[in-house]
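All values reported here derive from a predicted model rather than from experimental measurement. Both backbone and side-chain heavy atoms feed into the values below; hydrogens, waters and symmetry mates do not.
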Number of protein chains: 2
Amino acid sequence: MSSQPQLSHSECSDCPIRHRAVCARCEPQELGELEVIKYYRSFEAGQTIIWSGDQMNFVGSVVSGIASLTQTMEDGRTQMVGLLLPSDFVGRPGRENAPYDVVATTDLVMCCFRKKPFEDLMARTPHIAHRLLEMTLDELDAAREWMLVLGRKTAREKIASLLSIIARRDASLTKRGLSGPIVFDLPLTREAMADYLGLTLETVSRQISALKKDGVIHLEGKRHVTVPDMGRLMEEAGDDADGGFLV
Amino acid sequence: MSSQPQLSHSECSDCPIRHRAVCARCEPQELGELEVIKYYRSFEAGQTIIWSGDQMNFVGSVVSGIASLTQTMEDGRTQMVGLLLPSDFVGRPGRENAPYDVVATTDLVMCCFRKKPFEDLMARTPHIAHRLLEMTLDELDAAREWMLVLGRKTAREKIASLLSIIARRDASLTKRGLSGPIVFDLPLTREAMADYLGLTLETVSRQISALKKDGVIHLEGKRHVTVPDMGRLMEEAGDDADGGFLV
DNA sequence: CGACCGTTTGATAAATGTCAATTCTAGTGG
DNA sequence: CCACTAGAATTGACATTTATCAAACGGTCG
């Protein structure tokens with residue numbers, strides 16, 4: 001419905017995620033091989049990209065937009081287990097079926113490869129395999145970081161942790177740095193935040209109101225956030241204000 | 001203190017984790033190269049193997065015993081973010097400092113490699129790099145599975161989930177299968193279970209008592225557990241009794 | 001025997017969830 | 001341009017779960 005840019009003839013060399021995605025380490029010649037087998041797909045906000053249990057016949061990278069990985073229990077309880085940002089990789093070489101739902105949280109563009117050709121290429125291209133290992137290890141660290149949030153933090157700390165992650169990512173994209181106020185738009189609904197944090201949407205709403213009342217954040221509308229003091233926000237998150245390690 | 005078997009001259013070919021560890025895919029000649037640089041280290045229950053933030057100068061595999069990865073907040077709240085069983089890998093090639101504490105939960109033997117030689121060997125041995133990627137992806141899946149437990153399950157479901165994981169692992173080691181009663185010893189104190197599940201030890205204790213009262217498990221002493229009906233336990237864990245995917 | 005550690009159990013408090021009513025906001029069609 | 005509507009978000013009252021604090025138990029090791 002929404003008019004999306006047609007990207008099917010973009011060159012890898014111009015790609016916005018060229019230096020961070022699974023292809024980051026590739027030599028020009030290797031990039032050429034990827035270029036031949038890649039194709040773009042666009043998804044609208046809310047669309048499910050992959051259903052848990054489905055056969056995965058492609059893998060790919062998020063080029064723009066945000067996707068989420070979610071698990072659902074039989075009674076409907078859901079937990080988001082990952083947030084996929086531009087350059088993040090979807091799919092697992094060597095695995096047949098998807099272990100979680102992958103849902104487009106915003107409008108989304110992905111750079112895809114059919115699974116088999118990608119696996120073949122990876123088998124003979126250590127630069128790709130090596131980069132994928134590196135990215136997977138980073139994701140594992142992030143997942144474990146998140147386990148601390150889910151297991152031990154209070155609702156207020158959980159909200160502060162999530163805002164702090166989004167704020168840091170945003171600061172790193174816009175290269176504005178972490179000193180001075182940070183301004184960004186929340187890419188998630190209250191319900192999506194609740195699913196990420198293991199809370200109800202009412203608790204999310206209350207804690208956001210509380211952080212606002214206490215001056216930790218300012219809100220314009222529901223989604224537009226200003227963080228006047230990043231150090232303060234990180235204190236609220238229960239993190240060491242200096243020792244942040246993920247960028 | 002405790003008299004531990006001296007393993008320093010064991011052969012890789014006899015190694016109990018030969019087929020599951022990072023060396024699983026190695027050819028005999030590659031194994032020989034590992035053999036040259038490997039060395040064994042033993043740790044007693046309770047000992048901290050690596051402190052968070054410390055420089056990592058080795059990597060390695062758990063040969064026997066159990067270790068845990070834990071994160072600690074400034075105020076002392078701790079969350080276990082991983083349980084390392086025999087064949088699991090510790091350490092990250094390409095990273096200088098340890099992101100979490102690694103603690104020996106039981107007496108432990110590890111097969112270690114100094115980091116630099118291992119990295120060099122890995123760089124020229126795709127079988128190792130490939131196996132490490134595979135293992136890391138499995139760990140990522142396990143971490144995400146655990147995020148659902150931490151974020152959305154009740155205390156009772158959390159306990160049942162933990163017991164079910166230990167029971168399945170045990171059944172797979174002893175090759176007794178999942179039909180019929182399963183018997184095992186808990187390798188964790190109540191406090192360690194609490195740290196893993198994001199609960200207090202009191203809540204752990206109460207829920208174990210409740211599961212016992214309801215006949216889901218039997219206890220002899222504090223640690224020796226019998227699960228008369230694995231399907232029942234998995235129901236209590238909130239998992240689909242048939243669709244378990246991790247073994 | 002006595003001290004200690006891990007564990008259990010009880011009473012109570014605090015945090016978060018649940019249910020329900022409103023408010024806000026963006027978009028739609030008259 | 002302006003109601004009208006649907007979805008998102010907020011807020012309130014109350015219920016439930018889990019944490020906290022405290023006491024006591026049981027086995028093990030000196």
Item to complete: Using whole Å, report how far CD of A/E202 lies from P of D/dA15.
Response: 16 Å
Worksheet item: Where the side chain of A/A155 is concerned, which of D/dT18, C/dC24, C/dT16 is the nearest nucleotide?
Response: C/dT16
Fill in: Any A/H224 side-chain heavy atom under 4.5 Å of A/L219 side chain
no
Worksheet item: Roughly how many Å is it from CD in A/E157 to C1' in C/dA14, rounded to a whole number?
Response: 15 Å
Worksheet item: Just checking A/I208: base, sugar-phosphate only, or nothing, at a heavy-atom cut-off of under 4.0 Å?
Response: nothing
Practice prompt. Tell me what A/S205 touches on the nucleic acid: a base, only sugar-phosphate, or nothing, going by heavy atoms under 4.0 Å.
Written response: base
Worksheet item: Is there a donor-acceptor pair closer than 3.5 Å between any side-chain N or O of B/S87 and the backbone N or O of B/I17?
Response: no
Discussion item. For a quick test of reading the model: is some side-chain N or O of A/R190 closer than 4.0 Å to OP1 or OP2 of D/dT10?
Written reply: yes
Worksheet item: What is the distance from CD1 of B/I159 to P of D/dT17, rounded to the nearest Å?
Response: 16 Å
Worksheet item: Taking atom P of C/dT16 as reference, at what distance in whole Å does atom CZ of A/R77 sit?
Response: 18 Å
Discussion item. When you compare the side chain of A/R144 with that of B/L69, does any pair of heavy atoms fall below 4.5 Å?
Written reply: yes
Fill in: Minimum side-chain heavy-atom gap B/R168-B/M234 below 4.5 Å
yes
Worksheet item: Closest nucleotide of DNA chain D for B/G198 versus for A/S209: which of these residues is on the 5' side?
Response: A/S209
Fill in: Distance in angstrom units between B/E220 CD and D/dG27 P, rounded
13 Å
Practice prompt. Quick one: label B/R223 by what it contacts on the DNA or RNA (base, sugar-phosphate, nothing), any heavy atom closer than 4.0 Å.
Written response: sugar-phosphate
Worksheet item: Should we count CD of B/E202 as having more than 12 external heavy atoms under 6.0 Å?
Response: yes
Item to complete: Take atom CG of A/L219 and atom P of D/dA8, then tell me their distance rounded to the nearest Å.
Response: 18 Å
Practice prompt. Find the distance B/M193:CE to C/dG6:C1' and express it as a whole number of Å.
Written response: 13 Å
Worksheet item: Nearest nucleotide by nearest heavy atom, which residue falls closer to the 5' end of DNA chain C, A/R156 or B/R206?
Response: B/R206
Discussion item. Between C1' on D/dG12 and CG on A/L201, what's the gap in Å once rounded to a whole number?
Written reply: 15 Å
